[in-house]
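First the structure, in the form of structure tokens, and then the observations on it.
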There are 4 protein chains.
Amino acid sequence: MRTKDETKAQDILQATLDEVRDVGLAGLSVEAVARRAGVATGTVYVYFKGKDALLDQLYLRTKQKFATQVLRDDGGPIRAAFTRMTIAYVDYVIENAAELVFMSQMANSPYLTAETREQAAIGLRPLAALLERGKAEHLLKDIDTGWMATFLYETVKSMAPLARGLPPERYREFQETVATLCWDALKA
Amino acid sequence: MRTKDETKAQDILQATLDEVRDVGLAGLSVEAVARRAGVATGTVYVYFKGKDALLDQLYLRTKQKFATQVLRDDGGPIRAAFTRMTIAYVDYVIENAAELVFMSQMANSPYLTAETREQAAIGLRPLAALLERGKAEHLLKDIDTGWMATFLYETVKSMAPLARGLPPERYREFQETVATLCWDALKA
Amino acid sequence: MRTKDETKAQDILQATLDEVRDVGLAGLSVEAVARRAGVATGTVYVYFKGKDALLDQLYLRTKQKFATQVLRDDGGPIRAAFTRMTIAYVDYVIENAAELVFMSQMANSPYLTAETREQAAIGLRPLAALLERGKAEHLLKDIDTGWMATFLYETVKSMAPLARGLPPERYREFQETVATLCWDALKA
Amino acid sequence: MRTKDETKAQDILQATLDEVRDVGLAGLSVEAVARRAGVATGTVYVYFKGKDALLDQLYLRTKQKFATQVLRDDGGPIRAAFTRMTIAYVDYVIENAAELVFMSQMANSPYLTAETREQAAIGLRPLAALLERGKAEHLLKDIDTGWMATFLYETVKSMAPLARGLPPERYREFQETVATLCWDALKA
DNA sequence: TATGAATGAGCTTTCATTCAT
DNA sequence: TATGAATGAAAGCTCATTCAT
């Protein structure tokens, strides 16, 4: 008997990401996903319970991957950690355009479970921790941590697409600019 | 012969907005829009060429309404104009939640025409003008105006939802915090 | 605007009956029903909520039509009413073969609602009433009316198909035989 | 190499019977049958050529088992043999509810081969023989044997389900009533 | 203009069957 | 033989759009 192939699940998830980027969440069809992933339509249902479950799982994985890759506090000096995070964030957005489109399309869609929404929020904790540390050291403004986290998280995400297509040195400049803007905004 | 009734077109547009807020762009059906607007399905096609055209037009109107209501530079002192704009922006987001959901859902969808996207960008000009003025007066950082405009536009939009449900004094505090963050970020 | 056409609903119901006769309940597809009725697939859903509802409604109508046409007690002498009913029953089965196949296929299917089953049972009341009358007049055996009703109802239904294809005089003979068998079985 | 296991074939047939009782012929899926039988889907195809063949074979076996168990003429006095048969029949129906549902669902379905239908009819011969014997002894009416056989076969089958849930003494009473009704119907 | 019945393409999903192991 | 992953052809149903009224 053929054994379940985790690669295939990955292929399907990636195909979904690419399809949403190309035709949007509203235009997404399971058949197109399957074709793109190089499997039969029915195979999607071997790995995922249905379209909803597929999208839900993909959302969670994407959020988690992002959190793991970007939102890390290495415990070093605040300013350095802050800058490093911002720069990694911009890189992530540029390198994972499809992921970002997908997350924004899912945000207000009926596909998203309340539970998944909660789960996804957990990934933001390291960011909050970093900001708390900064507040404790009086390097950052003494305002609601949730507000600051949202500021940072959303601002970088929204600005990052501007970096697309920039030549290397301008790209570097852009990253530093973003880091500066955010730091100036939050610093005490 | 009954004449085309502008009220009806408005009803349909508003119903679309409300539907998208409730079921998302992916769950939107013309029939549900018609029912919500209190007209027959066919009537939607009397006022709009099709679903795509309806969404496209609604996007444009929404963007323009927003620009007119929020992104105005009254020519006064930079800092004051800046703060006034930020505060009006938060108010707008809170009072027009459906509009915001709609715009974010449309942003990366295939429904959006390149042309409409351009048209919509025009509304940002007053914002750019304000920032240029601030740069000329050396009150703001000397960085790319487009970058700054995006920063301001996206940051306030992303943060504003946090204000939902806040008691009046906290709401006021929130608005001021947002204005401060943005000013500190951009000021020279 | 086109107005809802009750004829169309009838066509769909009849087409369903014919399809079930030809391909069985398990082989029934909405598309085939629509094609047979001369309407588009979607039209079926204009008149019926879904396949289940279509079958459920059809079952009820069929049972009721049968009850109205066959299970009537005209109040005359028991034996005569009894015989008349039996003969009408055989005629009905022969003339409405598709209906009978449909009812037998539905009987143990998951399509049948408990509620519909109850509703359908109501049609048997006139039969029970006739039997009660016979028992009161001591012309029939004094056994459970429900048992007698089931006996009569099921026996004639099961035997009737034997009449198919019989030449007229044999057909008449068959009807009388069935009437005699049933009468002899139940008479005191 | 493991050898074909007759137990497994039996399990699959029994599982099919139970599934049809629970979800009907229209709701039957090979996967559900396999799961219920405790084997893999593919295994069903080791023992049966396909779904159709499975149902066809099951139908034949069921009919034959029934014929062997119920429709036997032990050669004793007509009336006694007749009564014994009727009583055994009721018992069979009560004890093998799933079989009966299955046979009724198959009766008018496209799954049934003409050949199988013929094969199944052979089982009715002992019943016909008994009736012939009764006619020869002038104990039974002189009418078409096929008609009488159908009468007996169908009537008992249709009435038997009424016995379900009856307390023992009522159950006994019911069996005798059925035997009496049938005898009175057919006796000369 | 306004209606909503009618359409049929296309959607998600199921499922009989095959096949690699 | 036994498995269950993989397949793809339908199935039921929805919905953007058209059209008769």
Side-chain angles (χ1 to χ4, degrees), chain A residues 1-5 8-9 26-35 37-54, chain B residues 1-5 8-9 26-35 38-55, chain C residues 1-5 8-9 26-35 37-54, chain D residues 1-5 8-9 26-35 38-55:
Chain A
M1 133 187 123
R2 272 171 278 190
T3 80
K4 244 187 191 173
D5 184 357
K8 222 159 251 175
L28 186 75
S29 84
V30 174
E31 203 197 324
V33 166
R35 194 167 37 242
V39 299
T41 328
T43 306
V44 174
Y45 291 84
V46 170
Y47 291 90
F48 301 93
K49 203 167 177 229
K51 194 192 189 185
D52 292 22
L54 166 61
Chain B
M1 178 197 83
R2 275 165 287 184
T3 80
K4 259 198 191 178
D5 183 354
K8 230 161 237 176
L28 186 75
S29 83
V30 174
E31 202 200 322
V33 166
R35 195 168 36 240
V39 300
T41 328
T43 307
V44 173
Y45 290 82
V46 171
Y47 290 91
F48 302 92
K49 198 168 177 227
K51 193 190 189 186
D52 292 21
L54 166 61
L55 292 174
Chain C
M1 135 190 120
R2 273 170 276 190
T3 79
K4 244 186 190 174
D5 184 357
K8 220 157 252 175
L28 186 75
S29 84
V30 174
E31 201 198 324
V33 167
R35 193 167 37 240
V39 300
T41 329
T43 306
V44 174
Y45 292 85
V46 171
Y47 290 90
F48 302 93
K49 202 166 178 233
K51 193 191 189 186
D52 292 22
L54 166 61
Chain D
M1 180 195 83
R2 274 165 287 183
T3 81
K4 259 198 192 178
D5 182 353
K8 229 161 239 176
L28 187 75
S29 82
V30 174
E31 201 201 321
V33 167
R35 194 167 36 239
V39 300
T41 328
T43 307
V44 174
Y45 289 82
V46 171
Y47 290 90
F48 302 93
K49 200 171 175 224
K51 193 190 188 186
D52 292 22
L54 166 61
L55 292 173

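Letters A, B, ... are given to chains in the order of the sequence lines, protein chains preceding strands, and every chain is numbered from 1. Excluded from the calculations below are hydrogen atoms, water molecules and symmetry mates; all remaining heavy atoms, backbone and side chain alike, are included.
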query: Is there a side-chain contact between D:L28 and D:K51 (heavy atoms, below 4.5 Å)?
result: yes
message: Check whether A:K4 reaches the backbone of A:A9 with its side chain - one donor and one acceptor, N or O, closer than 3.5 Å.
response: no
- request: Return the 5'-most residue of the pair C:R2, A:K4 with respect to DNA chain F, ranking by each residue's nearest nucleotide.
  value: A:K4
- request: Identify whether any heavy atom of B:L54 sits under 4.0 Å from a base atom; if not, whether one sits that close to sugar-phosphate; answer base, sugar-phosphate or nothing.
  value: nothing
message: Without decimals, in angstroms, what is the distance between D:L28 CG and E:dC15 P?
response: 10 Å
- line: Rounded to whole Å, CG of C:D52 lies from P of F:dA11 at a distance of 16 Å
Which residue lies more 5' along DNA chain E, comparing C:A40 with B:V39 via nearest heavy atoms: B:V39
Residue pair B:A34 / B:V44: nearest heavy atoms and the distance that separates them: CB-CG2, 3.9 Å
task: To the nearest Å, give me how far apart CD (A:E31) and P (F:dA9) are.
output: 10 Å
- request: Would you indicate what C:S29 reaches in the nucleic acid, counting non-hydrogen atoms under 4.0 angstrom: base, sugar-phosphate, or nothing?
  value: sugar-phosphate
message: So, OP1 or OP2 of E:dA2: does either fall under 4.0 Å of a side-chain N or O from B:K8?
response: yes
message: Looking at A:D5, is its backbone amide N or carbonyl O close enough to the side chain of A:Y47 to form a donor-acceptor pair, meaning the two atoms are under 3.5 Å apart?
response: yes
Runs of at least three Watson-Crick or G-U pairs with DNA chain E, cut-off 3.5 Å: E:2-21 with F:2-21
- line: The residue, A:T41 or B:Y45, whose nearest nucleotide of DNA chain F is more 5′ is A:T41
query: CG of B:L55 versus P of F:dA16: gap in Å, rounded?
result: 10 Å
B:K51 NZ - E:dA9 P separation (whole Å): 19 Å
query: Want to settle it: does A:K49 or A:G27 sit nearer the 5' end of DNA chain E, counting the closest nucleotide to each?
result: A:G27
- prompt: At under 4.0 Å between heavy atoms, what does C:T43 touch on the DNA or RNA strands: base, sugar-phosphate, or nothing?
  reply: base
task: Output yes when at least one side-chain N/O atom of D:Y47 is less than 4.0 Å from OP1 or OP2 of F:dT1, else no.
output: no
query: Hey, does B:F48 reach any base, or is it just sugar-phosphate, or nothing, if we go heavy atoms under 4.0 Å?
result: nothing
message: Tell me the interatomic distance from C:D5, atom CG, to E:dA6, atom P, rounded to whole angstroms.
response: 7 Å
